[in-house]
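Below is one structure, written out as structure tokens, with a few remarks after it.
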Amino acid sequence: MSTYGQKRDDEYLNRLKSSGPISDFITSYNANLSAPHRTIFLFPGGMGSQLLRATADVYQGPPFFTLRRGSIHSSGRGRSSTCRHKHRLTTTITSNTFVVPNGCIDCPGLEPYVGFINWCQNSNIDLFVFGWDWRLSSEATANFFLNRFLPAFDSLATSAGCSPHPLDNFWLVGHSFGGMVVKQILNQSTNQYVQRIKRAITVGSPFYGYGGQVHRYFKGDSQINWTLNPNGAQRAAEIVSTLPGGYELLFLPEATYNNNQSAFANDPDGYNLLAYPSVDATNPGQRADPYHPIPTPPATDPHGKVRYISSCGFDMNLLVAGKAASDKITLALNSSVRNKFYNIRGVGNGNTVTSQTWKLVPQGFNPNTDPDPITDTLGPGDGTLPAWSTRLLGLSKGHVISVPGNIEHMDMMNNTSVQIEIAKLLQPTPSLFAHMSRMAKRHPVKIKTASRTELNRLIRQLDRATSGEDISPEERRAVIRGRLKRYSPEELQELLARGYLDALKSPSQLSGRPTRTKKAGRLTKRKRRKSRR
């Protein structure tokens with residue numbers, strides 16, 4: 001009898017084969033007469049892939065036909081997509097209906113990959129956007145890609161007479177969490193497809209974790225808590241605690257730091273990690289290893305306090321699995337593939353969480369009312385991930401590429417400088433590289449956003465209006481509709497875009513005033529007055 005995971009993978013592979021992504025790619029590939037062909041498989045970051053709910057539950061299939069509410073042309077050669085997502089994802093991975101990926105996020109006003117997609121199209125690169133379920137483990141996605149997807153893709157491309165074959169000259173690009181999937185793929189160095197990869201490129205990938213995730217196990221997510229009211233913070237923390245993928249994103253295990261302390265202290269570009277990044281707030285000399293919590297649950301300290309709370313379902317088994325995944329992600333690559341691996345990172349945003357202190361909390365910690373036990377320290381990075389975490393130790397000179405400037409992590413693939421660095425790694429001829437560079441500069445994509453202050457104001461208003469336990473669901477929806485009707489569609493798009501760009505940041509980053517420019521979509525004074533009413 002097939003397991004839930006096997007059936008889910010069957011459904012996703014069936015959708016890729018029967019609903020268009022592979023056949024669309026093959027059609028575009030055969031129509032591309034440029035030489036040589038270059039195939040890129042793009043792995044979007046966490047929250048970068050659209051996730052769709054199947055129309056049948058797990059007990060009624062297969063087949064399980066998915067709802068196609070918005071799509072993206074997988075080859076990147078032209079787009080005809082609109083975002084018709086009107087629902088938000090609340091289903092956990094244990095639901096009776098499958099949730100499967102569907103390309104990358106692509107809504108009007110919120111297109112974190114459209115600049116890269118357009119650049120590939122204009123540069124005659126054959127692009128396949130490989131959406132993946134970022135709630136699951138990176139290794140599960142890597143195994144599916146190598147053992148299920150690529151054999152099917154290989155067979156279909158061969159049957160379609162693609163010449164040269166798309167896998168004769170192919171590359172992997174992973175953004176953020178997607179880069180960790182790429183690393184898990186390269187770990188399987190003896191796999192025939194891994195041996196055929198030309199190069200594998202990560203863009204802003206947290207090999208050694210980041211500071212935003214641990215907050216969510218205590219306080220949920222400040223941007224979405226109100227959507228789960230009453231007691232939204234607790235309910236959000238409960239959802240986060242069920243997702244295996246998040247347990248891979250904590251700051252690195254203490255043993256990993258100890259074994260590589262010299263390498264961390266000698267970054268090629270000077271973004272050094274000189275001390276373990278997570279320490280106890282009361283005893284600064286005591287490290288607070290997220291993967292080896294002391295006291296170890298369910299034990300408490302002499303004052304009855306704990307490192308992690310259990311009331312929201314924090315799962316020690318998932319933490320153990322996250323530690324195993326972290327160890328594999330930071331594992332040194334085999335010599336046969338090491339020189340294929342490149343890391344691109346943003347380093348110029350000084351408002352990035354680079355380390356933190358962590359208080360023990362009472363067993364009865366209340367996510368809705370108690371203060372956050374995590375205090376952040378800021379430093380260089382891409383606004384979300386610290387520079388010291390986004391390069392894999394042990395790579396040769398030139399394999400870690402630092403991109404300066406005030407880069408925004410969630411929007412990195414639209415960044416002109418990032419696209420030019422990727423172009424260099426594709427080994428083009430001088431004339432083709434000049435063309436790729438022109439294409440990157442010609443039509444830069446900048447997501448227009450509201451200010452963080454404006455979004456925070458709206459969230460506070462919605463939270464206050466929906467937090468009462470005596471409000472019915474219908475009344476709560478009516479309050480939300482009434483509040484949102486005060487904004488124009490353009491303003492709502494800008495607020496949504498600000499929420500997406502800030503989605504992975506720590507609470508300490510979200511509470512301050514953002515640095516903004518006119519191009520960032522600043523609202524006019526008239527619109528500000530309207531938003532306050």
Side-chain angles (χ1 to χ4, degrees), residues 9-44 48-55 63-85 98-108 111-133 141 144-146 148-175 178 181 193 413 426 439 445:
D9 289 350
D10 289 343
E11 157 60 12
Y12 183 33
L13 187 62
N14 178 64
R15 196 197 71 79
L16 287 169
K17 292 193 296 184
S18 64
S19 300
I22 295 179
S23 61
D24 286 353
F25 174 88
I26 289 173
T27 299
S28 294
Y29 184 90
N30 285 333
N32 181 9
L33 302 180
S34 64
H37 275 282
R38 288 178 174 83
T39 300
I40 287 181
F41 292 98
L42 171 66
F43 295 81
S49 297
Q50 292 188 133
L51 302 179
L52 303 182
R53 190 193 303 265
T55 57
F64 304 92
F65 299 101
T66 57
L67 299 170
R68 298 198 68 188
R69 304 214 182 162
S71 62
I72 194 158
H73 192 80
S74 298
S75 69
R77 313 194 73 75
R79 298 188 305 112
S80 58
S81 63
T82 58
C83 180
R84 293 184 289 276
H85 272 349
F98 289 125
V99 174
V100 295
N102 183 50
C104 60
I105 293 293
D106 184 31
C107 299
E111 299 172 315
Y113 296 97
V114 71
F116 182 73
I117 292 169
N118 290 342
W119 175 72
C120 286
Q121 175 183 350
N122 294 330
S123 300
N124 294 315
I125 294 169
D126 301 292
L127 176 67
F128 191 103
V129 179
F130 188 85
W132 63 287
D133 192 338
T141 300
F144 176 83
F145 181 77
L146 287 176
R148 300 292 304 278
F149 170 78
L150 279 184
F153 179 93
D154 190 354
S155 176
L156 290 171
T158 299
S159 299
C162 294
S163 181
H165 195 285
L167 299 183
D168 286 346
N169 191 20
F170 81 101
W171 316 68
L172 304 183
V173 175
H175 171 230
V181 176
Y193 294 112
M413 297 305 298
L426 296 180
M439 292 302 101
V445 172

Euclidean distance, Phe128 CZ relative to Leu42 CG, rounded to 0.5 Å: 11.0 Å
Set of residues satisfying ring pair (Phe, Tyr, Trp, His ring centres under 6.0 Å) with respect to Phe145, sequence neighbours excluded: Phe41, Phe43, Phe130, Phe149
Non-hydrogen side-chain atoms of Asn124 and Asn32 separated by less than 4.5 Å: yes
CG-CG distance between Asn14 and Asp9, expressed to the nearest 0.5 angstrom: 12.0 Å
Within-4.5 Å side-chain heavy-atom neighbours: Asp10 and Arg148: yes
Minimum heavy-atom distance Met413-Pro112, with the two atoms named: CB-O, 4.0 Å
Side-chain touch Thr158/His165, heavy atoms, less than 4.5 angstrom: yes
His175 ring center near Phe116 ring center (under 6.0 Å): no
Nearest heavy-atom neighbours spanning Pro166 and Thr39: O-OG1, 3.0 Å
Rounded distance [0.5 Å steps], CG in Asp154 versus OH in Tyr193: 3.5 Å
For His37, side chain to side chain donor-acceptor pair (under 3.5 Å) partners two or more places apart: Asp126
Sub-4.5 Å side-chain heavy-atom contact between Trp132 and Val181: yes
Heavy-atom donor-acceptor pair, Ser155 side chain to Pro151 backbone, under 3.5 Å: no
Phe25 and Phe153 aromatic ring geometry - parallel, tilted or perpendicular at 30°/60° bounds: tilted
Heavy-atom closest contact (Ala160 atom, Ile26 atom, distance): CB-CG2, 3.5 Å
Of all pairs that satisfy salt bridge (charged side-chain N to carboxylate O under 4.0 Å, His left out), the ones with a partner from residues 30-39, not counting sequence neighbours: none
Interatomic distance, Ile40 atom CD1 to Ile117 atom CD1 [nearest 0.5 angstrom]: 11.5 Å
